[in-house]
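See below for the structure under consideration.
Chain letters run A, B, ... following the sequence lines, proteins first, then strands; residues in each count from 1.
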Amino acid sequence: MPELPEVENVKIQLNKKLQDLRFQLMAVEWVGKPLRKSPSAQEFHSLLGQKLLGVSRRAKYLLFRFETSILLNSLGMSGSWKANPQSTVLHDHFVFKFKNTNSDFLKLVYNDPRRFGFFEIHKTWQHLESAKNLGPEPLESEPAFLQKHLQKFFKAKTQNVKSALMNPLAVVGVGNIYASEILFHAGIRPQKNAGRLKSKQVQRLVQSLQSVLREAVDRGGSTIRDFKSLDSILGNYQDQHFVYGRASKPCRICGSPIRKTVQAGRSTFWCQHCQK
DNA sequence: AGGAAAACCTGCGTGC
DNA sequence: TGCACGCAGGTTTTCC
């Protein structure tokens, strides 16, 4: 479900909840069905007693930084977190119980209907399976560096630029919604062969990549269907979508109907007139 | 070897 | 109403 802007907002909300109060993990309760991948009870046990120092993000992964370990969480398509819910509901899978020195309690609950999400635990970031094969962070890299990197990555690729842009080795955090939006803003047709992009086009792509994602982060991400960052907080970037989910509706720039096609099994939205 | 397709799941909207 | 079908924001595996 979530791409970089949505995960970034979950991270922000979780840290707000923590408020640097140094919560110590007291218990991890498994209350639902198994996820695609999750640590053993013994691995979870190794986190007990450790303080949660904060939550970071790398690519679309949330990183819960404990004193001597990192708990990585992918939200998959439908994962979400709740803080201190009244009770357990359908599709809740893990409950993390914390306490701090003021004797404040905090309960974080992971809910995931489709169960595509997962957890990993390791001592260091480098040892996490999911940390491998990741390209640069789009919002924390210099445009010139991103351009050089993408130009090299796209070179000799026969794949279409939309699928290539979603490859985490190109740049991390771009999923199906923002790939379409970014290409629209860059004026590049999603079917375009990645290896045939001119350097000016890659430059525009980098500009759009950063401006679209930055704006989406600032607006709390896109809430289509049911994405909520934490405690039912909604994003509103969906109101800024120019193409995604707008098949046959008029283009906001030129008025011609937005087109929908399928690439590598994923829906792509684009404007035939505005994108070349 | 690169890239497409399938697989992993549940839920919801649509159309018959 | 009920049922079949298609589709959904990700990642990993399989297949060609």
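- Aromatic ring centres of W270(A) and Y244(A): separated by at least 6.0 Å.
- Of the listed residues (F23(A), W81(A), Y110(A)), just one forms a ring pair (Phe, Tyr, Trp, His ring centres under 6.0 Å) with F96(A), and that residue is W81(A).
- Mapping F269(A) and P168(A) onto DNA chain C by nearest heavy atom places F269(A) at the nucleotide closer to the 5' end.
- For the atom pair CD (Q238(A)) and CD (Q240(A)), the distance works out to 9.0 Å, reported to the nearest 0.5 Å.
- Side-chain N/O atoms of K37(A) include one lying less than 4.0 angstrom from OP1 or OP2 on dT12(C).
- Of the candidate nucleotides dG3(B), dG10(C), dT11(C), dG10(C) has the atom nearest to the side chain of M166(A).
- Spacing between dC3(C) and dC9(B) at atom P, rounded to whole Å, works out to 24 Å.
- Within the structure, every side-chain polar atom (N or O) of R266(A) is placed at least 4.0 Å from both OP1 and OP2 of dA5(B).
- Considering only the side chain of T158(A), dG2(B) comes nearest among dA4(B), dG10(C), dG2(B).
- Residues E137(A) and R58(A) are in side-chain contact: their nearest non-hydrogen atoms beyond the backbone lie under 4.5 Å apart.
- Between N133(A) and P168(A) there is no side-chain heavy-atom pair separated by less than 4.5 Å.
- Side-chain contact check for M166(A) versus N176(A): some heavy-atom pair is nearer than 4.5 Å.
- K132(A) has its NZ atom 12 Å from the P atom of dT13(C), to the nearest Å.
- Across dT11(C) and dA1(B), the matching P atoms stand 25 Å from one another, rounded to whole Å.
- Rounded to a whole Å, the CG atom of N160(A) is 10 Å from the P atom of dG3(B).
- Annotation: cation-pi pair K157(A)/F153(A) present, NZ/CZ under 6.0 Å from the ring centroid and within 45° of its normal.
- OP1 or OP2 of dA4(B) has at least one side-chain nitrogen or oxygen of Q159(A) nearer than 4.0 Å.
- Side-chain proximity of K260(A) to dT12(C), dA8(C), dT11(C): nearest is dA8(C).
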Review point. Would you write out the dot-bracket form of DNA chain B, 5' to 3', with Watson-Crick and G-U pairs under 3.5 Å, [ ] for crossing pairs, | for pairs to other strands and . for unpaired bases?
Key: .|||||||.|||||||

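- Within the 4.5 Å cutoff, the side chain of L205(A) has heavy atoms near those of the L165(A) side chain.
- Rounded to whole Å, the distance from CG on D112(A) to P on dA8(C) is 18 Å.
- Using modelled atom types, one finds no donor on one side chain facing an acceptor on the other under 3.5 Å when comparing H185(A) with S211(A).
- Of the residues near DNA chain C, G265(A) and E120(A), the one whose nearest nucleotide (by heavy atom distance) lies more toward the 5' end is G265(A).
- Between the CG atom of N133(A) and the P atom of dG2(B) there is a distance of 13 Å, rounded to whole Å.
- Atom-to-atom, CG of N167(A) to P of dA4(B) comes out at 11 Å; the value is rounded to the nearest Å.
- One atom, CG of L75(A), and another, C1' of dA8(C), lie 15 Å apart when rounded to the nearest Å.
- K157(A) has no side-chain polar atom (N or O) that falls below the 4.0 Å cut-off from OP1 or OP2 of dG2(B).
- Within 4.0 Å (heavy atoms only), Y244(A) reaches sugar-phosphate atoms of the nucleic acid but no base atom.
- L169(A) places its CG atom 12 Å from the P atom of dT12(C), with the value rounded to the nearest Å.
- Contact of the L72(A) side chain with the F118(A) side chain is registered, since non-hydrogen atoms from C-beta on lie closer than 4.5 Å.
- Distance, L128(A) CG to dT12(C) P: 12 Å, rounded to whole Å.
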Practice item. Any chance you could list the contact pattern along nucleotides 6-13 of chain B? Use B for base contacts, S for sugar-phosphate-only contacts and - for none, protein heavy atoms under 4.0 Å, 5' to 3'. Key: --BBBS--

